[in-house]
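Presented below is the structure to which this report refers.
These numbers come from a predicted model, not from an experiment. The basis for the numbers below is simple: all heavy atoms, side chains too, and nothing from hydrogens, waters or symmetry mates.
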Amino acid sequence: MRESGTVEGDATRVRKIIHIDMDAFYASVEQRDNPELRGKPVAVGGSAERGVVAAASYEARKFGVRSAMASVTAKRQCPDLIFVKPRFEVYKAISRQIREIFAEHTEIIEPLSLDEAYLDVTENLQGIPLARDVALRIREKIKAETGLNASAGISYNKFLAKLASDHRKPNGQFVISPEMGPAFVEKLPVGKFHGIGPATGAKMNALGLFTGLDIRNQTLEFMNANFGKSGAYYYWISRGVDERPVRANRIRKSIGAETTFSTDLFEFNALVVELRPLVDKVWRHCETTGSRGRTVTLKIKFADFEIITRSRSLLAPVTGRDELERLACGLLEIEMPLPKRVRLVGVSLSSLQLGDDAEPQLTFGI
């Protein structure tokens, strides 16, 4: 029997993992700083025709407005939606303030973004015996110092802690104990599993897998055969097992965005128009996480589904959005004229590192 969430070297000691997630972070900051926005549907992002919603207030979410939604779609669903330009420097400053609160309780902090992090409080610095009390203390101090609400999930592994934080949103917390874990997962629709996107969810449904219990009833061999290297992960999380440690100072290795066209494209200028919002999305991730990368990759999928990629690596990290666009468009220009029509383009930035470490260098560790 495989045990989940035990401390390395001690098979009987259960880990205490907290997932903290700020509630509608960007939008809540804007409502905090501008009283006229409070109680109103707010979207942080661009309102232009090709704009994208970066975050939505809970008032906006009632109308179906979600992050990553096209601004024109959001406005159509919520005609009274108020668009506010993002202030990433403000969000980053508040995020640093919140992480200082985390650090009062544990040194093992794995930030996922400006508004989200895992904390391992198995041995917390305050000596608080119950993880739920640590989470409550953190949430209370965040509210007192920033005026913002945070939700928390508490469990014995990362997968369940993240699920738990969604369970009492906004401004709540929920505990999934080792006794509750397997039963909690077995009732969960596969689309609610973190790490299972729409395409994988559809594939699971086609195979007759609709809930955690359906996955749990499959063999490891079946999951590996149908889902490759991710099969084992799905197999174990369906049993409430997730042995991934909380990694302090974890940094993502790459970030990318791509789009499929409604009509295949061929001309350079038309493709550049499609590349720009992808560059915006990639650079927005860099801004929100403080990371920078030095390898730019262009992905092209032709109408016959052939895929090519072209990359360029720099000695120093890309310093700005315009430089990223110039490099991506430069890679495209080298391929012109294209041999056939294009159905998809993508842009990614890899060899990522934290912005504070982003100095010219030949090599660095991830």
Does the ring centre of F88 sit less than 6.0 Å away from the ring centre of Y26?
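Between Y26 and F88, the centre distance is under 6.0 Å.
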Take atom [atom1] of [X] as the centre, draw a 6.0 Å sphere, and report whether it contains more than 12 heavy atoms from other residues, nucleotides or ligands.
{"X": "R66", "atom1": "CZ", "answer": "yes"}
{"X": "E123", "atom1": "CD", "answer": "no"}
{"X": "R38", "atom1": "CZ", "answer": "yes"}
{"X": "E36", "atom1": "CD", "answer": "no"}
{"X": "E267", "atom1": "CD", "answer": "no"}
{"X": "R239", "atom1": "CZ", "answer": "yes"}

Would [X] end up clustered with [Y] when hydrophobic side chains under 4.5 Å apart are linked, directly or stepwise?
{"X": "V121", "Y": "L136", "value": "no"}
{"X": "F222", "Y": "W236", "value": "yes"}
{"X": "L207", "Y": "I215", "value": "yes"}
{"X": "V190", "Y": "L220", "value": "yes"}

For the pair [X] (side chain) and [Y] (backbone), establish whether a donor and an acceptor sit closer than 3.5 Å, ignoring hydrogens and angles.
{"X": "R32", "Y": "T146", "result": "yes"}
{"X": "N224", "Y": "E221", "result": "no"}
{"X": "S95", "Y": "L114", "result": "yes"}
{"X": "S155", "Y": "I176", "result": "yes"}
{"X": "R310", "Y": "L298", "result": "no"}
{"X": "R321", "Y": "W283", "result": "no"}
{"X": "Y91", "Y": "P86", "result": "no"}
{"X": "K62", "Y": "P41", "result": "no"}
{"X": "T122", "Y": "K16", "result": "yes"}
{"X": "D115", "Y": "A24", "result": "no"}

Yes or no on side chain to side chain contact (heavy atoms under 4.5 Å, CB included) for R312 and L331, after CA distance, side-chain angles and deciding distance?
CA-CA 8 Å; R312 181 179 174 188; L331 290 168; 4.1 Å; yes
Can you see whether F102 has R99 sitting over its ring - NZ or CZ less than 6.0 Å from the centre and within 45° of the normal?
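The answer is no, since R99 fails at least one limit relative to F102.
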Taking only Lys NZ, Arg NE, NH1 and NH2, and the carboxylate oxygens of Asp or Glu, determine whether E89 and K92 approach each other closer than 4.0 Å.
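Answer for the salt bridge query: yes.
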Evaluate R137 against Q126 for side chain to side chain donor-acceptor pair (under 3.5 Å), listing each step before the verdict.
CA-CA 10 Å; R137 188 86 60 88; Q126 303 284 348; 5.0 Å; no
Anything under 30° is parallel, anything over 60° is perpendicular, the rest tilted; go ahead and classify F227 against Y234.
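Ring orientation, 0 to 90° scale: perpendicular.
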Derivation of the side chain to side chain contact (heavy atoms under 4.5 Å, CB included) call for F193 and T200
CA-CA 11 Å; F193 278 50; T200 302; over 6 Å; no
Salt bridge (charged side-chain N to carboxylate O under 4.0 Å, His left out) between K301 and E258, intermediate numbers included:
CA-CA 10 Å; K301 180 186 286 187; E258 59 185 40; over 6 Å; no
Under the criterion side-chain hydrogen bond (donor to acceptor under 3.5 Å, both in side chains), which of K158, R247, R244 is the partner of E110?
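The residue from K158, R247, R244 that satisfies side-chain hydrogen bond (donor to acceptor under 3.5 Å, both in side chains) with E110 turns out to be K158.
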Please lay out, stage by stage, how S151 and D23 fare under the test side chain to side chain donor-acceptor pair (under 3.5 Å).
CA-CA 7 Å; S151 293; D23 296 331; 2.9 Å; yes
Pairwise side-chain contact, R87 with E30, heavy-atom cut-off 4.5 Å (strictly under):
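Side-chain contact under 4.5 Å: yes.
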